Peer 1: 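Submitted below is the structure of interest, expressed as structure tokens.
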Amino acid sequence: MSIPMHEQVKGILQQVQSEPPNILQALLVLQEKLGHVPLEAVPEIAHTLGTTTAQVAGVLSYYPDLRVTAPGRHLIRICMGESCFANGCGRLLRALQDCLRIDVGETAAGGKFTLDAMSCAGNCAVAPTMIIDRDLYGRVLPQQIEVLLERYK
Amino acid sequence: MTRPNIRMHSWNSSFSIHNSPFSVSMAVRLYLSNDTSARAAGAGLLADAWSDRPEAQLIRTSSRGAFFLEPMVERDSPDGRLAWFNVTPEDLPSILSGTGGTPVRSIPFLAQQTRFTFANFGETEPLALDEYQARGGLQGLEKALQMEPDAIIEELKISRVRGRGGAAFPVWNKWQVAQQTEADEKYVVANADEGDAGTYCDRMILEGDPFRLLEGMLICARAIGASRGYVYCRQEYPAAAVTLRAAIHEADEAEWLELDGEFFPIEVVEGAGSYVCGEETALLESLEGKRGVVRARPPYPAQSGLFGRPTIVSNVLTFATIPQILSRGGAWHAALGTEQSRGTMALQLGGRVKQPGLVEVPFGLSLRQVLDQFGGGMAPGARFKAVQVGGPLGSLFPASQLDIPICYEAFAEAGAVLGHGGIVVYDHQTDMADLARHFMAFTAHESCGKCTPCRIGSVRGVEILERIQAGSGTVDDLLLLEDLGETMKVASLCALGGRAPYPVLTAIEHFPAEFRNRLGQ
């Protein structure tokens, strides 16, 4: 039997309590455990941390890496930084969009891949960069995409 | 100071001498970088492919920063290290037999550099404290511990070191303000939110020489009387956070994470993808767990920073520069560079150059020299169009303006910024209107929303540039863009809004035809 969401949230947050509460770090821990931060959990989060729903919702909506919906099983991020831009990340992104038939921010049918853009991965000397989950690939060519994606089940 | 308890270390290598079932004499020590970009270039692939080869003992080092040569494999020789470039798994036999290697000291890209802050790169294992010490590490801290705080600050004043993160503020001045402000607690915060696209030297330090950062932070803490340190590390650098936490653990075990007999805790805190959190006041808000929104200054963080206490927020590269200023003396540092820019700068080459990588040189070389001498010219098939210095908020330079010396004063005079030393080269295929829109869209996406010029101005800027791209822009739109840019420059709260117009306006200034030819009726 699955544990109700608010119980899960409370359980996770009780391990990261600090004074004063650190909302961002609490949300990052929740996301780490749950894959995302469900909007319906915001009141429970606020209550457990001893702050307001407005504060929690404010932080949640501010940071690009915090997600309110569950991503696909694998998260693909294309670096859009200037060095990657100069080295054709636009072509790479279009190739991925064509291959997966989704736009940036969307999850492919079947829930396997979510496609995202990021501003810089700091891999500028080995551009363009693609990150799948925690694996970082450099000097990626559009024609390599299909083979790379096959590694992820 | 208590001397660290030195122990052999084999963190990144599962092939340490102690674990190997084979005798030491059989295995050849091969040095392979464990830096994220080296792995992205294929170093991880080599490590996997050779994991069952007992004749090769892999030592995972930091990277020399010559990324165009990565994956690079080195071995010892009577002439110093020999290197093999762009190695594939099949190259192992020739490396083991010692055929075809190039002496590292004869690689022009490296030989022409002046490496101080990056002297250990490619040589040492990032978490080997004994190697760090053997190469001069901890000498700066030892010296600082014997000095009065005022004397440390005086030494920095003599060195004339300026912050390397972008603002280029004199370091001694900031430290003095924090030192002289009365408070129950003070903090030292390393800004490891290296968000400027085209920059990666902080990532290299965090992953490759983390003790240098910790040493710099401790010296700062000693000078201002801080009791706690934080490293705000961007989420995009997972390997950096792991290495840094391990380094803190090592330093703690070796008992040098202390000041006046008191433990000096340093905590690594990860961000969540917001660019503006690299701005010092937004960073502090984020560190407190809030929205990463810019604070109005004054008061400056050195007076009232984290939780309202005096806080020194400095870039990773700045802290990493400090130890040698103490160990070699402020005058040594002041003797390098130009009038207003003393010391060396870590330049990071990227984009369409032939030889992208890290270049540490004294301030003062011209942009052209850096691109030719180190960048090696353009990548095959690419023709130069423009170069951007200083990240996504930096100005664009056309071919006619490459003689500018790389130093704060020349860039300030040209209305440009050196920023964090990122240099990105664009080739003939770059569509300048598209690039300008890309910059403005970046600001619109990353604006924290606190001040109107940046929040609304960036969105209006994107709209105008999209109109121009779509062929329905007018001459008035170009004037409007300029007017908007001037407003953002003077009225924004921080550098994001204040600098955002520069790449856009310099693109229009140097490549006007690409915009004018697209205008509608």
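All values below come from the heavy atoms of this structure, side chains included, with hydrogens, waters and symmetry mates left out. Lettering of chains follows the sequences in order, A, B, ..., and the numbering in each one begins at 1. If you're wondering where the values come from, they're calculated on a predicted model, not measured in any experiment.
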Peer 1: Just so I understand: if I count every heavy-atom pair under 4.5 Å between each of B/Gly195, B/Ser286, B/Pro238 and chain A, which residue has the most?
Peer 2: B/Ser286
Peer 1: Above 12 or not: heavy atoms from other molecules or residues under 6.0 Å from CD of A/Glu40?
Peer 2: yes
Peer 1: If we ignore hydrogens and angles and just use 3.5 Å, is the side chain of A/Tyr62 paired with the main-chain N or O of B/Gly292 as donor and acceptor?
Peer 2: yes
Peer 1: Hey, which of B/Gly198, B/Ala197, B/Gly44, B/Ala382 has the most heavy atom pairs under 4.5 Å with chain A?
Peer 2: B/Ala197
Peer 1: Do you know which of A/Thr129, A/Leu66, A/Leu136 has the most heavy-atom pairs under 4.5 Å to chain B?
Peer 2: A/Leu136
Peer 1: Using non-hydrogen atoms only, which part of B/Ser274 is less than 4.5 Å away from chain A: side chain, backbone, both, or neither?
Peer 2: both
Peer 1: Who wins among B/His445, B/Arg203, B/Gln235 for the most heavy-atom pairs under 4.5 Å with chain A?
Peer 2: B/Gln235
Peer 1: In terms of heavy-atom pairs under 4.5 Å, which option from B/Gly357, B/Pro392, B/Ala239 contacts chain A the most?
Peer 2: B/Pro392
Peer 1: Does any heavy atom of chain B fall under 4.5 Å from the side chain of A/Pro21, the backbone, both, or neither of them?
Peer 2: backbone
Peer 1: Determine the option with the most heavy-atom pairs under 4.5 angstrom with chain A, choosing from B/Ala272, B/Gly351, B/Gly350, B/Ala38.
Peer 2: B/Ala272
Peer 1: Who wins among A/Gly58, A/Cys84, A/Cys79 for the most heavy-atom pairs under 4.5 Å with chain B?
Peer 2: A/Gly58
Peer 1: Tell me if the CD atom of A/Gln143 is crowded by more than 12 foreign heavy atoms within 6.0 Å.
Peer 2: yes
Peer 1: Would A/Asn87 and B/Arg352 count as a side chain to side chain contact (heavy atoms under 4.5 Å, CB included) if you check the C-alpha gap in whole Å, the side-chain angles of each, and the deciding distance to 0.1 Å?
Peer 2: CA-CA 7 Å; A/Asn87 280 294; B/Arg352 298 289 285 154; 3.3 Å; yes
Peer 1: Counting only non-hydrogen atoms closer than 4.5 Å, does B/Val425 touch chain A with its backbone (N, CA, C, O), its side chain (CB onward), both, or neither?
Peer 2: backbone
Peer 1: What part of A/Ala127 gets within 4.5 angstrom of chain B, counting heavy atoms only: side chain, backbone, both, or neither?
Peer 2: neither
Peer 1: At a heavy-atom distance under 4.5 Å, which candidate from A/Arg134, A/Arg139, A/Gln55, A/Gln31 has the highest pair count against chain B?
Peer 2: A/Arg139
Peer 1: Contact part of A/Met80 toward chain B, heavy-atom cut-off under 4.5 Å: side chain, backbone, both or neither?
Peer 2: both
Peer 1: Could you look at B/Asp35 and say if it's the side chain, the backbone, both or neither that has a heavy atom under 4.5 Å from chain A?
Peer 2: neither
Peer 1: Which heavy atom of A/Ile23 sits nearest a heavy atom of B/Gly289, and at what distance?
Peer 2: CB-O, 3.4 Å
Peer 1: Of the backbone (N, CA, C, O) and the side chain (C-beta and beyond), which part of B/Cys201 lies under 4.5 Å from a heavy atom of chain A, both, or neither?
Peer 2: neither
Peer 1: Step by step, work out the side chain to side chain contact (heavy atoms under 4.5 Å, CB included) result for A/Cys120 and B/Tyr275.
Peer 2: CA-CA 9 Å; A/Cys120 181; B/Tyr275 172 78; over 6 Å; no
Peer 1: Between A/Phe85 and chain B, which part of the residue has a heavy atom less than 4.5 Å away: side chain, backbone, both or neither?
Peer 2: side chain
Peer 1: Specify which of B/Arg39, B/Glu270, B/Gln348 makes the most heavy-atom pairs with chain A at under 4.5 Å.
Peer 2: B/Glu270
Peer 1: Answer with side chain, backbone, both or neither: which region of B/Gln388 has an atom nearer than 4.5 Å to a non-hydrogen atom of chain A?
Peer 2: side chain
Peer 1: For the CD atom of A/Glu82 and the CG atom of B/Leu396, what is their distance to the nearest 0.5 Å?
Peer 2: 9.5 Å
Peer 1: Tell me whether the count of non-hydrogen atoms from other residues, nucleotides or ligands lying under 6.0 Å of NZ in A/Lys112 goes above 12.
Peer 2: yes
Peer 1: With a 4.5 angstrom heavy-atom cut-off, could you sort out which part of B/Tyr237 is near chain A: side chain, backbone, both or neither?
Peer 2: side chain
Peer 1: At a 4.5 Å cut-off on heavy atoms, which part of B/Arg234 comes close to chain A: side chain, backbone, both, or neither?
Peer 2: side chain
Peer 1: Do you know which two heavy atoms are closest between A/Pro20 and B/Phe307, and how far apart they sit?
Peer 2: CG-CE2, 4.1 Å
Peer 1: Identify which part of B/Leu435 has an atom lying under 4.5 Å from any heavy atom of chain A, answering side chain, backbone, both or neither.
Peer 2: both
Peer 1: Can you tell which part of A/Leu28 gets under 4.5 Å to a heavy atom of chain B, answering side chain, backbone, both or neither?
Peer 2: side chain
Peer 1: Working to the nearest 0.5 Å, report the span between CG of A/Leu24 and CG of B/Leu287.
Peer 2: 9.5 Å
Peer 1: What are the two closest non-hydrogen atoms of B/Val269 and A/Gln25, and how far apart are they?
Peer 2: CG1-NE2, 3.1 Å
Peer 1: Evaluate A/Cys124 against B/Val424 for side chain to side chain contact (heavy atoms under 4.5 Å, CB included), listing each step before the verdict.
Peer 2: CA-CA 9 Å; A/Cys124 321; B/Val424 176; over 6 Å; no
Peer 1: If every non-hydrogen atom of B/Tyr200 is compared with every non-hydrogen atom of A/Gly122, which pair is closest and at what distance?
Peer 2: CB-O, 3.2 Å
Peer 1: Using non-hydrogen atoms and a 4.5 Å limit, figure out which bit of B/Glu288 sits close to chain A: side chain, backbone, both or neither.
Peer 2: backbone
